[in-house]
Amino acid sequence: MALVRAGRAALRLLGAPAAPAAAMGSFRTFTAQPEPVEEETIEKKGVVMRGAPMYLDMQATTPMDPRVVDAMLPFMTEQYGNPHSRTHLYGWEAEEAVEVARGQVASVIGADAKEIIFTSGATESNNLAIKGVAQFYKDKKNHVITTQTDHKCVLDSCRYLQQRGFEVTYLPVQKNGLIDLQQLADAIRPETSLVSVMAVNNEIGVVQPLADIGALCREKKVFFHTDAAQAVGKIPIDVNQMNIDLLSISGHKLYGPKGIGAIYIRRRPRVRLEAQMSGGGQERGLRSGTVPHFLAVGLGAACDIARQEMGRDQQHIKRLSDRLYNGITQQLEGVVLNGDPEARYWGNVNLSFAYVEGESLLMGLKDVAVSSGSACTSASLEPSYVLRALGVEEDMAHTSIRFGIGRFTTEAEVDRAVELTVQHVNKLREMSPLWEMVQEGIDIKTIEWAQH
Ligand SMILES: Cc1ncc(COP(=O)(O)O)c(C=O)c1O
Ligand code: FES
């Protein structure tokens, strides 16, 4: 019931009139006073919402599981204390909720609750892991290793270190998107403090060999951090079996809320790091700032559900993923799956369509919310740096589409996405002179195009 009420309130807000243009232009403060909305209008909104493009972009973000929302609500309306308040019940109950959530997060990766620190998301966790470890050990070690296909926030954290005198190795990946373990072994030096390799790639879904990387790092006495934003709750992860020392988690990638994440930091052998936030010393001094307890509760609930339902989710997602891939490739030629066909998370199907202009295809697929790669870079017309690192040719990198399937994706959505994709690819190819030449048997690679 509470959930229904909140949902109604949200819909009312959606129905609220926008600020008048004049008010916005003249810096007059506009206080949003949602006018009472007729039930009928709410229904209409509902129709509009149901008519929205079908969502197949689960790597950008996932919808919140209603069970997560249910778990969070009481902590917004009734148990709203500051979890760091020690003098009254409000504080104690909020703190207790945070500690339960900490245990739930720990459980999904086989960690101890004391090893979990709440952050605002995987971006912050990655910054803290990379800058924090490098800076703490800087007197003895000044080298960090990552990969060319890691997330932008990892790469940017490494650039930040480079600007401050650290050395960074950006490991290349093989054509299938996986790193070469021998190359990693060769790159590790006595002065390497940290190896940071992502678990599941956000653009192409490949899963790096975490256990092998962990074993190698342990043998060489180097800390191993993994950005597991796309992996936690989706594939089995055990920080002890895999010798992972630090791991980043994001709430909104596993049907939890946005604005919350966590970092796992191993206690034995202990990993030390320099905090990146100064303040009240919360979270064992590693992340100052009031823990948003209702968000932590949401992340905890999301991890708990994922841990219990991982097998079912995986089965559902694999079935729909096969249905999507087979549906498209049985009707279209010249379609390539980017990334390793086996070592992958099945909820990510990144396809390149030969002889099709990628932007036109995305525009044509306006009824399907997909992306050409990552959400962060979706505004750019540049081909993805991940696909380039795989050695995917420029034209194929330009035509990639990432289909993201999740817990709530339906068969009907997949079938419709297949139908629309096939229809639009065919339409664009009909207009393509290159496609016509290929149909006539001309090998276009041998053509010498006029140079400008
Ligand atoms: C692999 C990876 N790392 C990090 C992030 C950033 O996560 P957050 O949005 O929680 O900061 C994302 C989200 O796009 C991601 O896919
Ligand atoms: S939001 Fe996922 S790549 Fe930036």
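In each ligand, atom 1 is the first atom listed, and ligand 1 is the first ligand listed.
Between E124 and ligand 1, not a single N/O pair is under 3.5 Å apart. Where the criterion is an N or O separation shorter than 3.5 Å, residue side chain and backbone included, D227 meets it with respect to ligand 1. Where the criterion is an N or O separation shorter than 3.5 Å, residue side chain and backbone included, A122 meets it with respect to ligand 1.
Qualifying ring pair (Phe, Tyr, Trp, His ring centres under 6.0 Å) partners for Y355, counting only residues two or more places apart in sequence or in other chains: W435. Every residue was checked against the ring pair (Phe, Tyr, Trp, His ring centres under 6.0 Å) condition with F224, not counting sequence neighbours, and none meets it.
Ring pair F408/Y55: centre-to-centre distance not below 6.0 Å.
For the ligand labelled ligand 1, residue H252 lies inside the 4.0 Å heavy-atom shell. Using a non-hydrogen distance threshold of 4.0 Å, K253 registers as a contact of ligand 1.
With R344 as the partner, the side-chain contact (heavy atoms from CB on, under 4.5 Å) test is satisfied by one option alone out of N176, I235, L337, N201: L337.
Inspection of the K258 and T61 side chains reveals an N or O donor paired with an N or O acceptor under 3.5 Å. Looking only at atom types and distance, the side chain of N338 has a donor-acceptor partner in the side chain of S352 under 3.5 Å away. Under 3.5 Å, the side chains of T169 and H143 contain a donor-acceptor pair of N or O atoms.
The ligand atoms of ligand 1 that sit less than 4.0 angstrom from a heavy atom of A229 are 2 (C), 3 (N), 4 (C), 15 (C). Remark: ligand 1 atoms within the under-4.0 Å shell around heavy atoms of Q230 are 1 (C), 15 (C), 16 (O). Every atom of ligand 1 is numbered from 1 in the order shown, and the set under 4.0 Å from a heavy atom of T123 is 6 (C), 7 (O), 8 (P), 11 (O).
When the heavy-atom distances from atom 10 (O) of ligand 1 to G261, S250, G256, G251 are ranked, the shortest goes to S250.
Contacts between M198 and ligand 1, counted as non-hydrogen atom pairs separated by less than 4.0 Å, involve the side chain only.
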